[in-house]
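A short worksheet on the structure shown next.
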Amino acid sequence: MRIGEAAAAAGCTPRALRLYEERGLLPPPGRTASGQRDYRPAEVALLRVIRELLGSGFTIEDLRSCADRLHLLTEDPPPRCGAADAPEGSGSGVVGRRLAALDAEIARLVRLREDLARRVFGDDARRSASEPAAEPTVGQIPEPATPPPPAPATAPATAPVRAPVTGPTVTVGPRVLLD
């Protein structure tokens, strides 16, 4: 099957498929007489495994370090990671590093949450990471500004409509932790 069909079958784009090839996650596919990529079902199955692993939190670099063994995960049933009969160095190092990175990110988020709770509730409101934050009281949140009066009926229909101001918004975005 051609690149567009293979990508659609695996739930990705042709561009992503080419990236996985360039990074060594997929072996170079066969070519048609006209030079177009020609993917077999085994390569599409491997592509699905790669997509699933990336969706589970692994990075392309994680997968590159064990690309020579990714095809094993297309077997039915796939071998268990870290199984007692698994050969030495069969990827448990990659899993261990990814789990450590996730643990570090969770710890960072817990510190971020505690810092935010201290800022909102003060130093006397020390909360554990498992304790849900209490809803702020009315005195802690600024009252919304009075909405502007409606535009007069003679105003043009294209006059801008302004939303009422409801106070400051704090946005905290997650950072991606890469090793």
Side-chain angles (χ1 to χ4, degrees), residues 1-120 126-133 168-179:
M1 83 181 63
R2 302 239 169 111
I3 191 167
E5 297 166 326
C12 70
T13 64
R15 184 175 178 184
L17 203 154
R18 284 187 210 97
L19 174 72
Y20 303 152
E21 285 177 23
E22 290 170 10
R23 299 294 172 93
L25 302 182
L26 286 173
R31 298 282 180 157
T32 64
S34 63
Q36 293 182 334
R37 291 172 168 90
D38 189 26
Y39 295 92
R40 299 179 319 247
E43 292 161 328
V44 174
L46 179 56
L47 185 56
R48 286 185 183 126
V49 166
I50 290 167
R51 298 290 296 170
E52 184 178 334
L53 292 171
L54 290 171
S56 295
F58 289 97
T59 66
I60 287 178
E61 289 305 311
D62 290 336
L63 299 184
R64 276 184 69 178
S65 69
C66 59
D68 61 327
R69 296 181 303 274
L70 290 176
H71 70 279
L72 297 174
L73 296 175
T74 63
E75 296 174 1
D76 191 23
R80 272 190 54 222
C81 291
D85 59 345
E88 182 70 25
S90 63
S92 61
V94 172
V95 173
R97 285 192 305 273
R98 182 54 40 212
L99 288 173
L102 289 171
D103 288 342
E105 180 66 3
I106 290 168
R108 186 190 71 78
L109 291 171
V110 166
R111 287 190 306 273
L112 183 67
R113 182 201 182 280
E114 290 170 351
D115 183 52
L116 180 60
R118 269 192 307 278
R119 290 174 188 257
V120 172
R126 300 185 192 278
R127 301 181 187 282
S128 71
S130 61
E131 182 181 342
T169 301
V170 177
T171 304
V172 179
R175 291 186 313 190
V176 177
L177 178 65
L178 302 175
D179 53 353

Q: Return the minimal non-hydrogen interatomic distance between Ala7 and Pro14, and the atom names on each side.
A: CB-N, 3.6 Å

(Q) For Met1, is there any backbone N or O sitting under 3.5 Å from a side-chain donor or acceptor partner on Asp38? (A) yes

Q | Nearest atoms (heavy-atom pairs only) where Ala6 meets Val44 | A | CB-CG2, 3.9 Å

Q.
Against Arg37, only a single residue in Glu43, Glu21, Arg2 fulfils side-chain contact (heavy atoms from CB on, under 4.5 Å); can you say which?
A. Glu21

Q. In Å and rounded to the nearest 0.5 Å, what is the CG to OH distance from Leu54 to Tyr20?
A. 5.0 Å

Q: State, with a plain yes or no, whether a side-chain heavy atom of Pro27 is found less than 4.5 Å away from one of Leu46.
A: yes

**Q.** Shortest non-hydrogen contact between Tyr39 and Ile3, atoms and distance
**A.** CE1-CA, 3.7 Å

Q: Decide yes or no for Ile106 and Leu109: does some side-chain heavy atom of the first lie under 4.5 Å from some side-chain heavy atom of the second?
A: no

Q. Among pairs that include at least one residue of residues 5-18, which meet side chain to side chain donor-acceptor pair (under 3.5 Å), considering only residues two or more places apart or in two chains?
A. none

Q: Check the surroundings of atom CZ in Arg31: do more than 12 heavy atoms from other residues, nucleotides or ligands lie under 6.0 Å from it?
A: yes

Q. Between Asp115 and Arg111, does at least one N-O distance fall below 4.0 Å, as a salt bridge requires?
A. no

Q) Between Ala67 and Gly24, what is the shortest heavy-atom contact and its length? A) CB-O, 3.4 Å

Q | Main-chain N/O of Thr74 paired to Arg48 side chain as donor or acceptor, under 3.5 Å | A | no

Q: Might you point out which heavy atoms bring Ser65 and Arg97 nearest each other, and give the distance in Å?
A: OG-NH2, 3.8 Å

**Q.** Distance, nearest 0.5 Å, that separates CG of Asp68 from CG of Leu25
**A.** 11.5 Å

Q) Got more than 12 heavy atoms from elsewhere within 6.0 Å of CD, Glu52? A) no

(Q) Quick one, His71 with Val49, criterion side-chain contact (heavy atoms from CB on, under 4.5 Å). Give me CA distance, side-chain angles, the key distance, then yes/no. (A) CA-CA 8 Å; His71 70 279; Val49 166; over 6 Å; no

Q. Counting distance only, does the side-chain N/O of Arg64 pair as donor-acceptor with the main-chain N or O of Arg23 below 3.5 Å?
A. yes

Q) Atom CG of Leu19 and atom CD1 of Ile60: how far apart are they, to the nearest 0.5 Å? A) 4.5 Å

